[in-house]
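Some notes on the structure that comes next.
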Amino acid sequence: MGSTGQNAWKLADHPKLPKGKTVAMVVLDGWGEAKPDQYNCIHVAHTPTMDSFKTTAPEKWRLIKAHGTAVGLPSEDDMGNSEVGHNALGAGRIFAQGAKLVDLALASGKIYDGEGFKYIKECFDNGTLHLIGLLSDGGVHSRLDQLQLLLKGAVDNGAKRIRVHILTDGRDVLDGSSIGFVETLEKDLSNLREKGFDAQIASGGGRMYVTMDRYENDWDVVKRGWDAQVLGEAPYKFRNAVEAVKKLREEPKANDQYLPPFVIVDESGNPVGPIKDGDAVVTFNFRADRMVMLAKALEYEDFDKFDRVRVPKVHYAGMLQYDGELKLPGHYLVSPPEIDRTSGEYLVHNGVRTFACSETVKFGHVTFFWNGNRSGYFNQEMEEYVEIPSDVGITFNVQPKMKAKEIAEKARDAILSGKFDQVRVNLPNGDMVGHTGDIEATIVACKVTDDAVKMIIDAIEQVGGIFVITADHGNAEDMVKRDKSGKPLLDKNGNLQILTSHTLQPVPIAIGGPGLAPGARFRNDVPTGGLANVAATVMNLHGFRGSLATMSPLSLKL
Ligand SMILES: O=C(O)[C@@H](CO)OP(=O)(O)O
Ligand SMILES: [Mn+2]
Ligand SMILES: [Mn+2]
């Protein structure tokens with residue numbers, strides 16, 4: 001393989017597999033494999049299409065790893081997530097991910113020598129350091145222990161006044177756990193106060209209602225956060241954050257994910273921590289998708305998505321740089337993984353035309369994450385990305401069908417059009433509805449997903465193509481927290497502990513379709529395999545050689 005120019009991208013022909021077959025690449029979001037029981041919504045739901053892969057063509061079906069080190073996360077206790085999952089699927093390699101890179105930078109202390117930290121430090125003498133992010137130990141977007149280390153490092157490096165703007169979780173961790181996390185943070189801050197630092201929580205709100213929207217689905221979410229964090233304005237005012245979270249959770253149907261915005265006020269009723277000129281701001285989430293919108297609001301001069309009212313002149317740094325193409329934000333504490341030479345870029349250099357589609361809430365998964373946290377096209381003549389607008393302002397248990405049918409129709413039409421060689425979609429339902437913890441709705445979500453898969457493979461059937469159906473991580477296959485033996489756990493009131501988060505489960509991958517070379521199947525003597533092996537397998541199915549640079553496929557027997 002040449003090292004420069006077009007030659008560096010040219011892929012050799014596969015010795016046995018033909019070129020020119022339309023390949024449908026379908027990612028079921030949040031669809032893992034787990035023991036069948038009543039809390040496994042995939043098992044309970046009517047899913048004849050997905051079931052048939054496993055039962056009628058078991059040699060073309062297998063399980064692959066979708067969590068922990070197989071997707072670049074720090075440990076095997078880390079559940080998978082969309083960012084790392086789609087990064088691995090799209091890049092075909094395992095990269096040490098944000099969670100891990102931040103751990104290393106904090107442990108070595110290198111984070112404090114970096115450009116980003118030096119930049120925010122310039123404000124420590126006269127300004128306040130604001131830390132904004134998700135408060136939990138979920139490890140998907142952020143981690144409490146990293147925030148704690150950062151707080152310590154900041155005061156060791158001269159920060160005197162610190163305000164933390166918290167977003168409560170309940171999506172990567174149990175609902176209700178926010179109280180404990182806020183208590184822990186309050187204790188740390190009160191220890192700092194005892195040592196003479198002026199450190200407090202300044203504002204808060206639930207992650208799905210305040211700040212952490214993604215892919216520009218609903219700017220109101222970011223505005224609510226802006227109002228509380230920057231302007232110090234919110235519908236609820238409290239003297240301390242533990243009281244805030246406890247009180248707001250008392251509202252009927254309240255949960256951690258959707259707590260309304262609140263600000264902490266002093267004895268005269270004034271907000272304790274609006275962001276002002278001369279302050280430093282750090283968004284401490286390492287994961288990109290749900291921080292990009294706030295980063296734009298903080299960084300873009302000609303921002304017009306909502307009225308910011310007041311735009312403080314601050315030194316802002318992200319924990320990571322969230323968008324490599326937009327270079328957003330410009331300053332960051334830790335360099336993001338350099339996810340280069342992704343499969344999408346190989347495709348455009350090798351004449352493979354791609355169609356990618358999902359609805360808004362997952363659109364960036366099959367584009368931005370797939371392409372290594374890079375927005376935009378590699379080559380617009382070779383690619384078409386279609387976004388179907390998601391419903392806004394609802395929780396998806398109310399509308400568990402979401403846009404699965406519309407996504408499948410777009411995929412079907414793209415396949416039948418003959419204009420594309422790869423048709424790639426994400427079907428969000430298992431994940432988005434699974435996160436609501438609503439078992440009945442999640443069962444509907446799984447059925448609808450199965451219907452969508454059917455529509456896509458029927459189209460593949462018609463054009464003599466190939467399908468690859470897989471998932472990015474588990475979610476809908478397990479809706480309860482369990483003990484080590486697998487028994488569902490009850491809380492202190494005897495209620496089932498509902499699991500709103502992803503899981504540690506493996507995910508299925510199925511290949512098939514009339515275009516698949518006769519006899520092609522997965523080797524059953526290769527036990528390991530993960531999401532990072534899918535890209536090279538797909539390249540094989542497009543007729544290209546087995547290994548591309550360092551990508552390795554799931555072994556196929558031909
Ligand atoms: O909604 C999200 O941000 C995460 C869970 O925190 O889910 P996913 O990784 O599937 O996008
Ligand atoms: Mn996902
Ligand atoms: Mn999810």
Side-chain angles (χ1 to χ4, degrees), residues 26-32 41 66-67 71-73 78-90 97-99 133-143 167-175 177-178 206-215 217-218 221-222 255-258 283 285-294 322 358-370 373 390 395-397 400 402 404 425-438 442 445-446 449 470-479 499-507 531:
V26 180
V27 182
L28 312 189
D29 214 294
W31 189 285
C41 293
H67 81 287
V71 285
L73 291 170
D78 288 303
M79 59 195 159
N81 70 69
S82 288
E83 179 179 55
V84 300
H86 287 78
N87 282 169
L89 284 166
Q97 285 285 351
L134 183 66
L135 187 71
S136 80
D137 63 3
V140 172
H141 293 268
S142 67
R143 278 212 333 263
L167 301 162
T168 53
D169 191 346
R171 188 173 177 93
D172 301 325
V173 290
L174 292 181
D175 183 46
S177 61
S178 64
R207 56 175 283 177
M208 297 302 284
Y209 193 63
V210 177
T211 300
M212 282 175 59
D213 188 43
R214 65 177 164 209
Y215 308 141
N217 192 44
D218 184 0
V221 175
V222 185
N255 60 49
D256 289 349
Q257 296 189 56
Y258 285 89
T283 46
N285 287 14
F286 43 74
R287 173 158 154 176
D289 56 348
R290 294 191 185 276
M291 279 292 122
V292 164
M293 293 167 75
L294 173 57
Y322 300 124
S358 191
E359 60 171 283
T360 312
V361 293
K362 297 285 181 186
F363 174 66
H365 289 30
V366 280
T367 56
F368 174 78
F369 285 153
W370 199 270
N373 296 357
S390 287
T395 54
F396 288 105
N397 54 334
M402 300 183 67
V425 297
N426 175 299
L427 297 170
N429 309 55
D431 183 67
M432 293 301 285
V433 186
H435 279 305
T436 67
D438 182 331
T442 306
C446 295
T449 305
T470 189
D472 60 341
H473 52 75
N475 186 336
E477 80 288 356
D478 198 3
M479 299 294 286
L499 195 72
T500 53
S501 71
H502 300 164
T503 70
L504 300 170
Q505 296 300 121
V507 297
L531 294 181

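Everything numeric here is computed off the predicted structure, so don't read it as measured data. In listed order, ligands and their atoms are each counted from 1.
Listed for the Asn475 side chain is a donor-acceptor partner under 3.5 Å among the backbone atoms of Asp431. With Asn397 contributing its side chain and Gly437 its backbone, the two residues share no donor-acceptor pair below 3.5 Å. A side-chain donor-acceptor contact under 3.5 Å links Asp256 to the backbone of Ser178. Thr500 places a side-chain N or O within donor-acceptor distance of the main-chain N or O of Gly170, the cut-off being under 3.5 Å. The closest donor-acceptor contact from the side chain of Asp213 to the backbone of Asp218 lies under 3.5 Å.
When the N, O or S atoms of Asp29 are ranked by distance to the Mn ion (ligand 2), OD1 comes first. Nearest N, O or S atom of Asp472 to the Mn ion (ligand 2): atom OD2.
The side chain to side chain donor-acceptor pair (under 3.5 Å) with Tyr215 is formed by just one residue from the set Lys362, Glu359, His365; it is His365.
Counting only heavy atoms from C-beta outward, the side chains of Thr360 and Arg214 never approach each other to under 4.5 Å. For the pair Val361/Phe396, a side-chain contact is recorded, criterion being any heavy-atom separation below 4.5 Å from C-beta on.
The aromatic rings of His473 and His502 sit parallel to each other, their planes meeting at less than 30°, with 60° as the upper class boundary.
Thr168 contributes atom OG1, which lies 9.0 Å from atom CD of Gln257 (distance to the nearest 0.5 angstrom).
The Mn ion (ligand 2) lies under 2.8 Å from an N, O or S atom belonging to Ser82. Taking backbone and side-chain atoms together, His365 has no N/O/S atom less than 2.8 Å away from the Mn ion (ligand 2). Put simply, His502 gets within reach of the Mn ion (ligand 3), with an N, O or S atom under 2.8 Å from it.
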- [ ] Begin with the C-alpha distance, continue with both residues' side-chain angles, and end with the deciding distance and a verdict on side chain to side chain contact (heavy atoms under 4.5 Å, CB included) for Arg171 and Met212.
- [x] CA-CA 12 Å; Arg171 188 173 177 93; Met212 282 175 59; over 6 Å; no
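The Mn ion (ligand 3) lies at the vertex of an angle of 100° between the NE2 atom of His435 and the OD2 atom of Asp431 (rounded to 10°).
Within the structure, the closest approach of His365 to ligand 1 falls below 4.0 Å when heavy atoms are considered. Heavy atoms of His435 approach ligand 1 to within less than 4.0 angstrom.
Close approach of ligand 1 to Arg207 is summarised as follows: ligand atoms under 4.0 Å from at least one heavy atom of the residue are 1 (O), 2 (C), 3 (O), 5 (C), 6 (O). Close approach of ligand 1 to Lys362 (heavy-atom distance below 4.0 Å) involves ligand atoms 8 (P), 10 (O), 11 (O). The atoms of ligand 1 that sit less than 4.0 Å from any heavy atom of Val140 are 6 (O). Interface atoms of ligand 1 facing Arg290, defined by a heavy-atom separation under 4.0 Å, are 1 (O), 2 (C), 3 (O). The ligand atoms of ligand 1 that sit less than 4.0 angstrom from a heavy atom of Arg171 are 1 (O), 2 (C). Residue His473 approaches ligand 1 through these ligand atoms, each under 4.0 Å from one of its heavy atoms: 10 (O). For ligand 1, the atoms sitting less than 4.0 Å from at least one non-hydrogen atom of Asn81 are 9 (O), numbered in the order shown with element in parentheses. Interface of Asp29 with ligand 1, defined as ligand atoms under 4.0 Å from a residue heavy atom, comprises 10 (O).
Looking at Ser82, Gly80, Gly434 and measuring to atom 10 (O) of ligand 1, the nearest heavy atom belongs to Ser82.
The shortest N or O to N or O distance between Asp289 and ligand 1 is not under 3.5 Å. Considering both main-chain and side-chain atoms, Asp472 never comes within under 3.5 Å of ligand 1 through any nitrogen or oxygen pair.
Taking a cutoff of 4.0 Å between a charged side-chain nitrogen and a carboxylate oxygen, Asp172 and Arg207 qualify as a salt bridge.
Annotation: atom 6 (O) of ligand 1 to nearest protein heavy atom, Asp172 OD1, 2.6 Å.
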